[in-house]
Amino acid sequence: MKSGLGAVYYSASRDSAAYNEAQKLYFFYGSRHFEPIWLDEAANGEVVFSEPARKILKLFENAASEGLRPSDYLTPDLDPAGAKGDPIKMAALETAFSGAALRYADHIYNGRIKPQSVSQNLDIAPKPLDTASLLVQLATSADPVAVLTALEPTHPEFLALKAALATFDDASLERPTPIAEGPTLRPGMSDPRVPLLRARLDVPATDGLVYDDVLVDAIKAFQATLDLDVDGVMGPATLAALNGGVPVTRADILANMERWRWMPRELGKFNVMVNIPEFRLSIVRDGREEYTTRVVVGTTKNQTPIFSDNIRHIVVNPYWNVPSSIIKGEVAPAVLRNPGYIDNQNMDLLYNGTPVSPWQVDWTQVSTSNFPFRVRQRPGPGNALGQIKFLFPNKHDVYLHDTPSKSLFARSFRAYSHGCVRVQNPMEFAEALMANEPNISRASLEAMFGPSERWVNPEHQIPVHIAYFTIRVEADGALRSFGDVYGHNAKLISAMGLDKPALAREIIADAEPVVDELSP
């Protein structure tokens, strides 16, 4: 065993999966003087797996029910018959089983796919797993299956997705007859789809094909339940929602289960969850939603990163320190054309931290690639961050904030920012967020409104999770799907080696996107 593990350890490429696995096993077995834990000798002298090993093998066989692949663990190496009478092969069999057990444990705990292999914007670190201790537990436990099962996520939505996976092919999941595509329906129009629309919404049937007031009211009620624009118009987004939204596939369920495995083990008893495909923020206490509001997230070009952190500060009347990318791409060209741009945008031009007048700069010596200034926007009604921001210091310089651009919240598709998350009702959010802070309230924060930046530090840090789930589980257990805004879902499905069937075109907005200028 020592020889075989050493050979793999020293021959594998550093930091490869084979190297890391061999390293863990080499030191684990070394601490046990390279004694086996998975192999027994039968009465007839044959090499057989121990009882704990046989229980774990059953778990490997049923890995598909966990959204995993049995073939990742039931490899050709796990064949006791092939090791008969050969000490080297017996050692290889022993360590192969330990490797499979650790692989299964890591997959059920952290997922099969490294998030960064999908996108560098997935800033998610694997949760630490004490593999040496785990192997001892597995080998000595009367119920090793329970030891491994305990590593599974306990998040209610993960468990609901797992249950949905088990019944995915049930006939009860068949969709109703889809409503055909056609022109946008407005009040008073006639259309052959109206009878089916009435039946779908349980509106009393009539002999006509008119999209009348009763049907318009039913559409408005439907739109309100799904957070669509409540206008009574059946446009592409409303039609897609009536037809079940983006159809859910088995691959979608597996990909979302994988993303739940990436999440922290504990989200926090009181936490903030931002789900990018949903364009929505929620405050959750003890697993139940206490508050929710719409958000605007980054464009596909300037994606909001996926990570978890803690809200530590609230800033009232914030300065906006313009990111270097926006300075280079937007501010610098505008200033070079017109130095008055700085004052027009209520900004400060800073050189070595000191404000300087743009009219005192020799702009012939400056270019967009050689722009030695920082730029900040002063507090005020037009500030890009609005009146308040919520800080969780991070390397991405991303945070939650107010915005003067309120119109975009009325849209169904809301990926328009440079990466930060804009909150529709920031003071309502602040009030809900400070529910555990006796000395901070909405009134105390609003009393600070004015021309000067003010920092407030809550006593308790609040976990915040910027997540990416294209399937959410409703309170009644129903699955609700959302568009793959950044393509992370499709890339993960591909990385997992899953087949995703061709679907009808995805509709996520009734209107063309509009991107704000100079907005974080």
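Applying the side chain to side chain donor-acceptor pair (under 3.5 Å) definition to pairs two or more places apart or across chains, those involving residues 150-163 are E66-K162, E152-K162, E157-R472. For residues 110-129, the set of pairs meeting the ring pair (Phe, Tyr, Trp, His ring centres under 6.0 Å) definition, not counting sequence neighbours, is empty. Among residues at least two apart or in separate chains, side chain to side chain donor-acceptor pair (under 3.5 Å) pairs with a member in residues 257-266 are N256-R259, R259-T470, R259-N489. Screening residues 305-316 for salt bridge (charged side-chain N to carboxylate O under 4.0 Å, His left out), with sequence neighbours left out, gives D309-R312.
With sequence neighbours excluded, the residues satisfying side-chain hydrogen bond (donor to acceptor under 3.5 Å, both in side chains) with R280 are D227, T292. Residues satisfying the salt bridge (Lys or Arg N to Asp or Glu O under 4.0 Å) test with E446, not counting sequence neighbours, are R442. Every residue meeting the ring pair (Phe, Tyr, Trp, His ring centres under 6.0 Å) condition with Y104, not counting sequence neighbours, appears here in chain and number order: F60, Y73. Remark: D72 engages R69 in a side-chain hydrogen bond (donor to acceptor under 3.5 Å, both in side chains) (not counting sequence neighbours). Applying the side chain to side chain contact (heavy atoms under 4.5 Å, CB included) test to N436 and every residue at least two apart in sequence or in another chain returns F270, R285. Residues passing the ring pair (Phe, Tyr, Trp, His ring centres under 6.0 Å) test with H488, sequence neighbours excluded: Y468, Y486. Legend: residues meeting salt bridge (Lys or Arg N to Asp or Glu O under 4.0 Å) with K406, ordered by chain and number and at least two apart, are D402. Considering only residues two or more places apart in sequence or on other chains, H460 meets the ring pair (Phe, Tyr, Trp, His ring centres under 6.0 Å) condition with none of them.
F429 and F390 have their aromatic ring centers within a separation under 6.0 angstrom.
No side-chain donor-acceptor contact under 3.5 Å links H396 to the backbone of P305. One N or O on the side chain of N317 and one on the backbone of S452 form a donor-acceptor pair closer than 3.5 Å.
A salt bridge is absent between K55 and D143; no separation between the charged side-chain nitrogens and carboxylate oxygens falls under 4.0 Å. Salt bridge absent: D231 and K220 never bring a charged side-chain N and a carboxylate O closer than 4.0 Å.
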